[in-house]
Amino acid sequence: MPLPSHVRLVEVGPRDGLQNEAQPISVTDKVQLVNALTAAGLGYIEVGSFVSPKWVPQMAGSADVFAQIQRQPGVTYAALAPNLRGFEDAIAAGVKEVAVFAAASEAFSQRNINCSISESLQRFEPIMDAARQHGVKVRGYVSCVLGCPYEGDVKPEQVARVARELYAMGCYEVSLGDTIGTGTAGATRTMFEVVSADVPREKLAGHFHDTYGQAMANIYASLLEGISVFDSSIAGLGGCPYAKGASGNVATEDVVYLLNGLGIDTGIDLDALILAGQQICTVLGRPTGSRVAKVRSAQYAD
Ligand code: HMG
Ligand code: MG
């Protein structure tokens with residue numbers, strides 16, 4: 001399959017990147033991060049989550065973040081909603097697009113959202129109805145598509161079943177998440193081949209955590225499978241609170257560098273992106289997880 005000429009990146013740093021942080025991060029710092037990502041040219045930013053603050057305390061201030069960000073026309077600022085309550089809170093905060101999240105493994109579904117896969121899908125139905133009434137688009141996630149921290153191997157057919165249901169209930173795109181980052185390029189290709197029999201490739205996205213250092217290879221494998229939407233996290237921040245040891249998503253800076261090298265357009269300014277990453281890493285007091293940013297920052301310092 002020919003490589004796409006354009007790739008859309010979904011920046012999940014402010015949500016997936018920060019949700020696992022134990023230290024308090026102020027609303028102001030989160031707002032600055034979202035504004036810096038907007039300035040770098042990202043067209044889609046997942047800003048926060050409307051989940052239980054007992055489950056994910058770091059996302060508790062998401063409504064305040066939404067109230068203070070400077071929204072640019074043409075940029076989507078999205079949030080996660082696990083149930084109708086979360087959806088309604090998101091709408092009250094002025095959110096125009098939400099994401100629902102299911103899993104391909106039963107054990108992960110229980111740990112992450114305290115219900116079975118089929119219960120979670122039932123819970124999403126009223127969200128889909130309400131979203132239609134509000135004219136809000138809904139993106140779907142499937143976690144653990146290439147392995148589960150509790151169950152181990154996950155069959156591509158299990159992923160296809162959940163992705164198919166999310167697509168059928170009205171999710172305009174389904175992001176397939178290698179939550180624990182154990183997937184390889186071969187497994188990634190097989191998984192997309194199987195799932196694309198049920199959901200068109202142009203409606204699928206790849207969401208790779210880089211725990212085993214395979215995310216870049218998996219993105220390239222996905223491109224070869226005709227996938228042209230990828231989730232990534234500035235400075236490689238993150239991990240999942242319900243997947244112990246999982247590292248951050250693949251770093252946005254590194255993905256942009258890869259795509260630039262392939263002549264694939266993203267509309268993103270790499271230097272501005274690196275700056276956004278430096279700012280949030282200073283806030284967190286931690287080195288960047290982006291290889292590209294590490295080298296470039298050292299060059300600027302010379
Ligand atoms: P539960 O305990 O079963 O729910 O949690 P409940 O209905 O019994 O409610 C318990 C309490 O939470 C109640 O409060 C509710 O009011 C409150 P209390 O009476 O005890 O004071 N509550 C809420 N509060 C705020 N917002 C809400 C909400 N709903 C209930 N929306 C629930 C079920 C789904 C709420 C919980 O399990 C939860 O919030 N889970 C979120 C977990 C999460 O955010 N995980 C990380 C995101 S997923 C991810 O990272 C993977 C992804 O990146 C892709 C990949 O990498 O694979 C997307
Ligand atoms: Mg994730």
Side-chain angles (χ1 to χ4, degrees), residues 10-21 46-63 78-93 95 98-105 107-117 119-124 126-127 130 138-150 154 158-159 162-163 166 171 173-183 191 204-211 215 218 229-234 236-252:
V10 169
E11 172 59 48
V12 296
R15 193 280 303 170
D16 208 356
L18 297 185
Q19 69 183 7
N20 208 27
E21 285 293 331
E46 211 172 66
V47 172
S49 298
F50 291 84
V51 298
S52 163
K54 287 182 191 146
W55 286 67
V56 186
Q58 187 61 256
M59 290 291 108
S62 291
L80 294 195
N83 52 19
L84 191 58
R85 153 97 189 267
F87 177 83
E88 284 167 352
D89 289 351
I91 293 299
V95 177
V98 299
V100 294
F101 47 108
S105 103
F108 187 80
S109 183
Q110 289 291 349
R111 303 283 179 118
N112 194 36
I113 48 177
N114 205 22
C115 63
S116 68
I117 297 169
E119 281 165 344
S120 75
L121 296 170
Q122 279 165 26
R123 234 179 236 182
F124 299 155
I127 297 183
V138 183
R139 193 170 193 251
Y141 277 107
V142 185
S143 286
C144 297
V145 300
L146 294 169
C148 168
Y150 312 108
V154 172
Q158 285 170 250
V159 182
V162 181
L166 289 173
C171 292
E173 181 172 285
V174 181
S175 175
L176 303 179
D178 182 13
T179 317
I180 54 170
T182 51
M191 193 267 299
L204 294 172
H207 177 112
F208 296 103
H209 286 257
D210 201 28
T211 320
N218 292 345
V229 182
F230 296 98
D231 305 350
S232 61
S233 173
I234 187 75
L237 297 177
C240 176
Y242 299 100
K244 208 169 184 299
S247 73
N249 290 78
V250 63
T252 310

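In this text, all values refer to a predicted model and were calculated from it rather than measured experimentally. Just so you know, these numbers use all the heavy atoms, side chains as well, and skip hydrogens, waters and symmetry mates. Atoms within a ligand are numbered from 1 in the order they appear, just like the ligands themselves.
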For the backbone of [Y] and the side chain of [X], can you confirm whether one donor and one acceptor N or O come within less than 3.5 Å of each other?
X	Y	answer
Glu119	Ser116	yes
Ser62	Ser49	yes
Ser175	Tyr141	no
Ser232	Ala251	no
Glu11	Ile234	yes
Asn218	Phe208	no
Gln158	Ala104	yes
His209	Ser247	yes
Ser143	Gly177	no

Atoms of ligand 1, numbered as shown, that sit under 4.0 Å from any heavy atom of [X]:
X	value
Asp16	50 (O), 53 (O)
His209	56 (O)
Ser143	51 (C), 54 (C), 55 (C), 57 (O)
Asn114	1 (P), 2 (O), 3 (O)
Gly86	31 (N)
Leu80	47 (C)

Should [X] be counted as touching ligand 1, given the test is an N or O pair under 3.5 Å?
X	result
Tyr141	no
Phe50	yes
Arg123	no
Val51	yes
Asp178	no
Asp89	no

TODO: Please name the atom of Asp16, restricted to N, O or S, that is closest to the Mg ion (ligand 2).
DONE: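 Nearest N/O/S atom: OD2.
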
Task: Salt bridge present between Asp231 and Arg15 (N-O < 4.0 angstrom) - done: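 Salt bridge flag = no for Arg15 with Asp231.
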
Open item on the list: Tell me the nearest of Pro82, Ser175, Ser233, Ala103 to atom 34 (C) of ligand 1, using heavy-atom distances.
Closed with: Pro82

TODO: Check whether any heavy atom of Met59 sits under 4.0 Å from an atom of ligand 1.
DONE: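 No, that is not the case, since the closest heavy atom of the residue is not under 4.0 Å from the ligand.
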
- [ ] Say whether Pro53 and ligand 1 are in contact under the criterion: heavy-atom distance to a ligand atom below 4.0 Å.
- [x]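 Heavy atoms of Pro53 do come under 4.0 Å of ligand 1.
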
Task: Side chain, backbone, both or neither: Asn112 near ligand 1, heavy atoms under 4.0 Å - done: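 Both parts.
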
TODO: Would you kindly specify which portion of Arg111 sits under 4.0 Å from ligand 1, judged on non-hydrogen atoms: side chain, backbone, both or neither?
DONE: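 Neither part.
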
Task: His207 side chain reached by Thr179 side chain, heavy atoms, under 4.5 Å - done: no

